[in-house]
Amino acid sequence: MGEDTDTRTKADGGTAPRDVTFEQVDWDEIDADGVARSRKRVAWLAVVSLWTIGVAYDLYSRFVAETGQAAFPVLGSVSPVDWLWSFTLLVLLYYGVVPLYENPRMTRYYWKEFKKNKAAVVSALYLIVVFAIGVIGPRVLPEPEPTPGLENQPPVWGSIEAYSAGTSCAGGTTTVDGVTMCQGSWQHPFGTTSSGEDILLSSIYGMEVSMQVGLIATLMSISVAAAVGLTAAYYGGLVDEVLMRYVDIQMTFPTFFLFLLLAYTIGSSLFVLILIFGLFGWGSSARIMRSEALQRREEPYMKAAKNAGASSLWTIRRHLLPNISNSLITAATLTIPSIILAEAAIAFLGLGDPTVPSWGRLISDGRDQLRTAWWISTIPGGFLFFTILAFNFLGDALRDALDPRHGGSGE
Amino acid sequence: MKWYVIRRVLWAAFASFIILTITFVLMDQVPNQQLMQAEFQAAVNDVDVETAVQAEKERLGLDRPFHERYLDFMTNVFQGDWGWSYEYDQPVVDVVRETVPYSLLYGVPAIVLSTVIGTAIGLYSAVNQYTKKDYAATFAAFFGISIPNFWFGIVLLVVFGSWLGWVPIGWNADIPLAADGSWTLLETAGSDHPAFFRQDFEGERYVGILSPANLKQLILPTFVLMTGAIASVMRYARAEALEYVDADFVKTAKSKGVSNRAIVTKHIFRPASIPLMTILVGRILGLVLFGSYLIEVVFGIPGIGLASFQAIIRQDTDLVAITILLPTFVAIVGNLIEDIMYAVLDPRIDYGDR
Amino acid sequence: MSTRDDTTDVRDVPTERDDQPLLKISNLHTYFRTDSEDVRAVDGVSLTVDPGETVAIVGESGSGKTVASEAITRLFKSPPGYIPEGSIEINGREITDLSDEELRRVRGGEVSHVFQNPQGALNPVYTIGWQIREALQLHADVSKSEARERAVELLTQVGIPEASSRLDDYPHEFSGGMKQRVLIAIALACEPDLLIADEPTTALDVTIQAQILELLAELQEQRDMGMLFITHDLGVVAEIADRVAVMYAGKIMEKGSVEDVFETPAHPYTRALLDCLPGRGGIGGIPGELPDPRSPPPGCRFADRCRHAIDACRTGDQPGMHRVGDAPDHTTSCVHFEPGRDSSTVLDAGSEPAGSPSPPDDLERGGRR
């Protein structure tokens, strides 16, 4: 204690700082459970370094050595989206799951508050299932492929006139009123598309796409929003003015139309889509972060931190950020569904990457078959609808529970 | 006040300028269709491709330095010379003039209705906070916000179009027009009217914007566009009104003996409407512009959204640029109007900053 | 001590007056529904206000005094608030069972309110002229120009200079004190019989406070209006009120004329409150906190914080209202004043647990230390 009091006095007095400055004191290590924490931190840094090295090597072999995608042991080649996806999952694990596991008391408290809202609990369960299937499914299941002869198969509980289906019927046929009907089968529980792709399999692959787009772009967008919002609020003045004017301009260009423009001029892929929504869709979140941080800036603990000689970066990261994290989580949860919806819409229009098995593409596939094979559009559409609905319910519940301005628990 | 308006207008102009510049730079990267055509022609006619392309470049002015072309582009945009559409084989400005009315046909009623209905439900919900009706309205709003409108449109089309047969499946673009192709509110026409192509009937039928046939085909697109918008408006209106439901001045009004109805319409709605308008113009406009793109594709309405979509598919560059710029300008002008309205309506606003 | 019926006890005390009271509240309860048990904000309050008289309700925040004042014209938020039992008579007419429509005529017409926070009590998007006119036109059939004239008159009466030129100004163009004057003008617009002022000076500067109090007293005298004055400030009570009721946790602890209550404070809670006045040596307020309004403890609500509490204080209901000394309507809800008990255990006790005894007429002498 005597040590850092000393440092502070010196810094305040304006004399030359000594070797140890305030921000160099690692408070994490001074904490009682510092050892366990720093071990966790080392593991995290190691994983992040590994990831960075991987990306660097991949970039090197693509653009410098020009030998194409780098091949990694075990993993094989890794696509740009996969790089982003793996990093997003790591961040979710480290900043989401690990803290919940480490603080069981807080976790129990959150759970107690959270489970009061039945709609949010159901939503969370649904999303966890979709997320798990979306992450695991495509690793273990075969890719959906067009199967000639097995077009327009009905779902397991349904049937279709045989002349509307492919040449063979997986579930056999029956005759109703003189018409041969093709029966559904467990081989294709949700039926097949007009090109004979299994709808269940495609929907599972679609889950991964939706989760990737939603989570990666949201993580990007929220990180930028927090950085810009906090910087603007903390420094104020010219910095604030410049950043917020930029946000104004960015927000006048609707992200969807910006995507159309960029997709048209530089070409479209899932990677580009994620980048555009992640890097240009953060305007309104940044405004929320800024106004929230402006309120926090005036609080006594901020002044205390400043008086104690903490650096700007330290103050923003350690005092401002944790205190607006509730709004951050809420904003993130409500950003995800809008991005998922935008991706599906783009895929539906056929302006996305045609090789990506998106729900939007499936809906578009089934459009012409609606009268005969209604399930092709309806089933993936249902997944899309319920996923968006669940994120909206969840975001709203989190806002009620976490955001003091909406006074959920207080009333 | 005057300075505030001037500053907002200048800001809108600056934003437009930035967006035009970005569009120009991006569009400059796209291979030029006319050049490719010239190249193809030259190859077919077995003349020197290089010289042919060079000649075409000169003809189009593409050989000039970047800044000259940039200046050209800017002047042309302001003079209404928006380029040539190869798909429609007519100037882009004419394509816009022909397609925009179709978008307005369902877009305007959708905006008006969703604003009115959404605000009414939102106010009602706020005044009856934590009652069953409030929960029901909020729950319904979640569905409205979450349902993907392109998918909802398809489902409704199947149910009401092909199963029940209440509305036509194909969209008839000639119905709101008179026999000579001009827009009309309501008149009668015989079977020689283009809308009744290959239909034989005696006597005359109604055509025009207000004709039953036109209203019928507008119901579903308007409704689909409205679902999301109503839900959004409702949520914002409810949140804004809730700020005032427990306000001290509402209690003052109550203590004066003001009726519940007047409290809601005069004392809660009026102050809530000011911030509400700020949110609505931006959000609803964005929602409608984005929504109309998909709705026109789903229902086959020949509006600006469908034109833009087809232009992208068919690489009709000039039309792509304009159909993407237009909604952006609508958004900028919408924001400008909203800022000015805000200043006019709210006696508290401080013109000093912003 | 046995449980005693509150109402019978009230009858024991001679409270009858020559004329009919302007406001007569009997055994009023106001509860608020919550997920668990109801919050009992007001739990059996009886009170009268005569024409031309000022009655003050004093209590700390959370005591239910504001809810009690708002319950008179049912201004509290409903749902969740409701009145499970009790009667409120204005000029002899029962108003708890009036329809919303009938009640609206009472509000502003017979009974007006002035609230605590003038900053938020005026609608920011209407001119003050509009807001006064609204009040006038709700209760009388007046033309726009007549209403305008009347508004100027009212604003002049409440001491707003150049009233006619300020009618078209918006609330944000007025200072806090001026806003409170406007609100008083609105409250007086329809010549109410009863003015309920809920901490009208709390949010204002000290100098403005005195002006507003003076204005209220003046206007009341001119109009012979009854006034129910809600405050936590005993100093204000001494200045403005004729009679006072001390409220604690939804119940009235003591009531009587201002002289009686200040000279012979009977209830230990009143005594503790008076000791908190500056110059009385009290520091740090009253130890302990208000009981949970959802499940109040049996017996006297103040028992847990009372240093005179005996076993009888913790059983049954709140003690009935017992007479204090010989004063005609000075009563208190304390077991020590029950007939047959020795009230001097309270009356002669010291002022502060840590301090030395202080005589009850302390306030008159203006402080001892």
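Residue numbering restarts at 1 for every chain, and letters A, B, ... go by the order of the sequence lines.
Contact of B/Val245 with chain C is made through the side chain alone, with heavy-atom distances under 4.5 Å. In this structure, no portion of B/Asn128 lies under 4.5 Å from any heavy atom of chain C. Contact annotation for C/Leu75: both backbone and side-chain heavy atoms come within less than 4.5 Å of a heavy atom of chain B. For C/Ile196, no part lies under 4.5 angstrom from a heavy atom of chain B. Looking at C/Val111, only its backbone comes within 4.5 Å of chain B, counting heavy atoms on both sides.
Counting heavy atoms from C-beta outward, B/Phe249 and C/Pro171 have side chains that stay 4.5 Å or more apart. Put simply, the side chain of C/Gln116 does not reach to within 4.5 Å of the side chain of B/Asp248, judged on heavy atoms.
Environment of OH in B/Tyr236: sparse, with no more than 12 heavy atoms of neighbouring residues, nucleotides or ligands closer than 6.0 Å. More than 12 heavy atoms of other residues, nucleotides or ligands shown are found within 6.0 angstrom of CG on C/Asp224. Surrounding CD of C/Gln222 are more than 12 heavy atoms belonging to other residues, nucleotides or ligands, all under 6.0 Å away. Within a 6.0 Å sphere centred on CZ of B/Phe152, other residues, nucleotides and ligands contribute more than 12 heavy atoms. More than 12 heavy atoms of other shown residues, nucleotides or ligands fall within 6.0 angstrom of atom NZ in C/Lys77.
Of all non-hydrogen atoms in B/His267 and C/Asn123, the two that sit nearest each other are ND1-ND2, 3.1 Å. In plain terms, the two heavy atoms of B/Lys256 and C/Ala135 that are nearest each other are CD-CB, 3.4 Å.
In this structure, the separation between OG on B/Ser259 and CG on C/Leu138 is 7.5 Å, given to the nearest 0.5 Å. Distance check, rounded to the nearest 0.5 Å: NE2 of C/His113 to NZ of B/Lys254 gives 10.0 Å.
Considering only heavy-atom pairs separated by less than 4.5 Å from chain B, the leading option among C/Glu70, C/Gln119, C/Arg105 is C/Glu70.
Side-chain atoms of C/Tyr126 come within 3.5 Å of backbone atoms of B/Lys266 as a donor-acceptor pair (strictly under, hydrogens ignored).
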